[in-house]
Amino acid sequence: MERFDVVIVGGAAIGSAAAYFLAAAPDFTGSVLVLEKDFSYERCATARSAASIRHQFSTPENVRMSQYGTQFIRDIGLHLGVDGDAPDVAFHEAGYLFLATAPGRAVLEANHRIQRELGVDVALLGRDELKARFPWLEVGDLSAGSLGLSGEGWLDAYGLMRAFRRKAIALGVTYRQAEVVAVERDGHRARGVTLADGSRIACAVVINAAGTGARALARSAGIALPVESRKRCVFYFTSPAALPGCPLVIDASGAYFRPEGAGFICGISPPVDQDPECFDFEVTHDLFDEVLWPTLAARVPQFEAARVLNAWAGHYDVNTLDHNVILGAHPDVENLLFANGFSGHGLQHSPAVGRALSELVTGSGYRTLDLSRFGWARVLAGRPLREVNVV
Ligand SMILES: Cc1cc2nc3c(=O)[nH]c(=O)nc-3n(C[C@H](O)[C@H](O)[C@H](O)COP(=O)(O)OP(=O)(O)OC[C@H]3O[C@@H](n4cnc5c(N)ncnc54)[C@H](O)[C@@H]3O)c2cc1C
């Protein structure tokens, strides 16, 4: 039977980041195989993402992971250049602006305190300051806004994933287009994987980086992973609006928009009770006409003349317990590592998670950033580590 030291299931942002960090680790000399069922990457969350990075989280580890992500992206040429060719992921460091009405102000302030303690470059702005800085914003109903002054913005998500992949391959990682149908177990250890064509591959470590496919993979190894696939639609629209210095704006309603090329993209997560598990890619067009357009035009009156040119649907891998990643081995299977349940913020955390996975494979624990609170213990104990800033 064919054998590799590490098999990674899923070769998009997380799988490719893990592959890169492992291959680049000075203390790792093993072989790595990435099994990806669709080399077009057409439907993975990475390719359908809003591709943005923020430091404004409520969970300190998420802040730290994003801080590392920003640094990694700024220095991407140093990390992921191949033969002198440095990738360009078009990082626009234009910030996030979270808006709050009076009832949301306390949460904004609590998050602000956590973020400032962690050195986030963020400013809490009152209504008048918001108006002075962003004259195009309607602020009458607002109480405050939290603006990232550096480190936050957006990039080419597909480009980041390709750059990880290309560098991993240059460092000796093998990529193969194949669907994994099962993780094979031998007691408390995974001994390999079975592919859809019936062939089997043995390995010392399996990494589950299968996004919304992660739960099925976990189930094949007898593990219940609390991750569901939830649809999110993104709309690209043009508008005559000129919004100088426009950051990624998260309205008090939860709707977001940001510049994209000559226009803007926007979206909104549905209320929890209208957010069923879902695997189709049908765009919910009514969402723009009935929810987003009126909401955004109330916030930015110039958006009254918005015109949708394109729209797509993708899926969050939502951790239904607490909206935070489940990272590391399950106590029942010591060599099956999970990196799932990103709940809409996995792209920006791919550098930190890739590094963390490589540390788990090569040593006995985290060496740079302690992410142990994201492990299975809280899941199995039913003790959520809740991230409240979910977009
Ligand atoms: C609309 C939308 C907007 C988003 N916006 C942001 C954002 O602004 N910022 C941010 O940080 N994150 C954002 N996200 C989330 C982010 O895209 C994901 O968290 C991240 O891309 C997850 O990467 P992944 O590699 O884990 O999963 P994916 O990108 O979904 O990749 C999983 C891969 O595994 C493969 N696979 C699955 N099952 C198998 C199997 N059995 N065998 C072989 N291969 C398999 C799939 O084909 C796929 O390529 C957004 C997501 C969506 C949908």
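Every number for a ligand or one of its atoms is a count from 1 in the order of the listing. The analysis underlying the following values was restricted to heavy atoms, covering all of them including side chains, and did not include hydrogens, waters or symmetry mates.
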task = Could you tell me whether the side chains of Ser66 and Arg54 share a donor-acceptor contact shorter than 3.5 Å?
result =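 No, Arg54 and Ser66 have no side-chain donor paired with an acceptor closer than 3.5 Å.
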key: Test item: side-chain donor near acceptor, Arg105 and Ser143, under 3.5 Å   =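 Yes, a side-chain donor-acceptor pair sits under 3.5 Å.
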Under 4.0 Å from ligand 1, counting heavy atoms only, is it the side chain of [X], its backbone, both or neither?
X	result
Ala214	neither
His315	backbone
Ala178	backbone
Ala339	neither

Short list, please: which atoms of ligand 1 are under 4.0 Å from a heavy atom of [X]?
X	value
Val234	1 (C)
Val9	40 (C), 42 (N), 43 (C)
Cys44	28 (P), 29 (O), 30 (O), 31 (O), 48 (C), 49 (O)
Ser52	7 (C), 8 (O), 9 (N), 10 (C), 11 (O)
Gly314	53 (C)
Phe342	19 (O)
Gln348	9 (N), 10 (C), 11 (O)
Leu35	43 (C), 44 (N)

Give a yes or no answer on whether the side chain of [X] reaches the backbone of [Y] with a donor-acceptor pair at less than 3.5 Å.
X	Y	value
Arg127	Leu142	yes
Arg116	Val120	yes
Glu152	Tyr96	yes
Asn335	Ala204	yes

Quick one: nearest non-hydrogen protein atom to [atom], plus distance?
atom	result
atom 37 (C) of ligand 1	Ala210 O, 3.3 Å
atom 23 (O) of ligand 1	Thr46 OG1, 3.4 Å
atom 35 (C) of ligand 1	Glu36 OE1, 3.3 Å
atom 20 (C) of ligand 1	Leu347 N, 3.8 Å
atom 31 (O) of ligand 1	Ala12 CB, 3.1 Å
atom 44 (N) of ligand 1	Lys37 N, 3.1 Å
atom 26 (O) of ligand 1	Ile14 CG1, 3.2 Å
atom 3 (C) of ligand 1	Ala50 N, 3.2 Å

Worked check of side-chain contact (heavy atoms from CB on, under 4.5 Å) between Phe264 and Phe235 = CA-CA 8 Å; Phe264 299 86; Phe235 299 86; over 6 Å; no
request  = Check side chain to side chain contact (heavy atoms under 4.5 Å, CB included) between Glu42 and all other residues, then give those that pass, not counting sequence neighbours.
outcome  =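 Residues passing side chain to side chain contact (heavy atoms under 4.5 Å, CB included) with Glu42: Asp38, Ser40, Arg48.
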request  = State plainly whether one hydrophobic cluster holds both Tyr366 and Leu118, where clusters connect Ile, Leu, Val, Met, Phe, Trp and Tyr through side-chain heavy atoms under 4.5 angstrom apart.
outcome  =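 No, Tyr366 and Leu118 fall in different hydrophobic clusters.
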key: Phe57 and His349 aromatic ring geometry - parallel, tilted or perpendicular at 30°/60° bounds   =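 Ring orientation, 0 to 90° scale: tilted.
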Just distances here: any N/O of [X] and N/O of ligand 1 closer than 3.5 Å?
X	value
Gly344	yes
Val180	yes
Ala45	yes

ask   = With sequence neighbours excluded, what pairs up with Asp317 under the salt bridge (Lys or Arg N to Asp or Glu O under 4.0 Å) test?
value =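 For Asp317 there are no salt bridge (Lys or Arg N to Asp or Glu O under 4.0 Å) partners, ignoring immediate neighbours.
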request  = Give a yes or no on whether Glu282 atom CD has more than 12 heavy-atom contacts from other residues, nucleotides or ligands under 6.0 Å away.
outcome  =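 No, not enclosed.
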inquiry  = One pair to check against ring pair (Phe, Tyr, Trp, His ring centres under 6.0 Å): Phe374 and Phe338. What are the steps and the verdict?
reply    = CA-CA 10 Å; Phe374 285 148; Phe338 293 80; over 10 Å; no
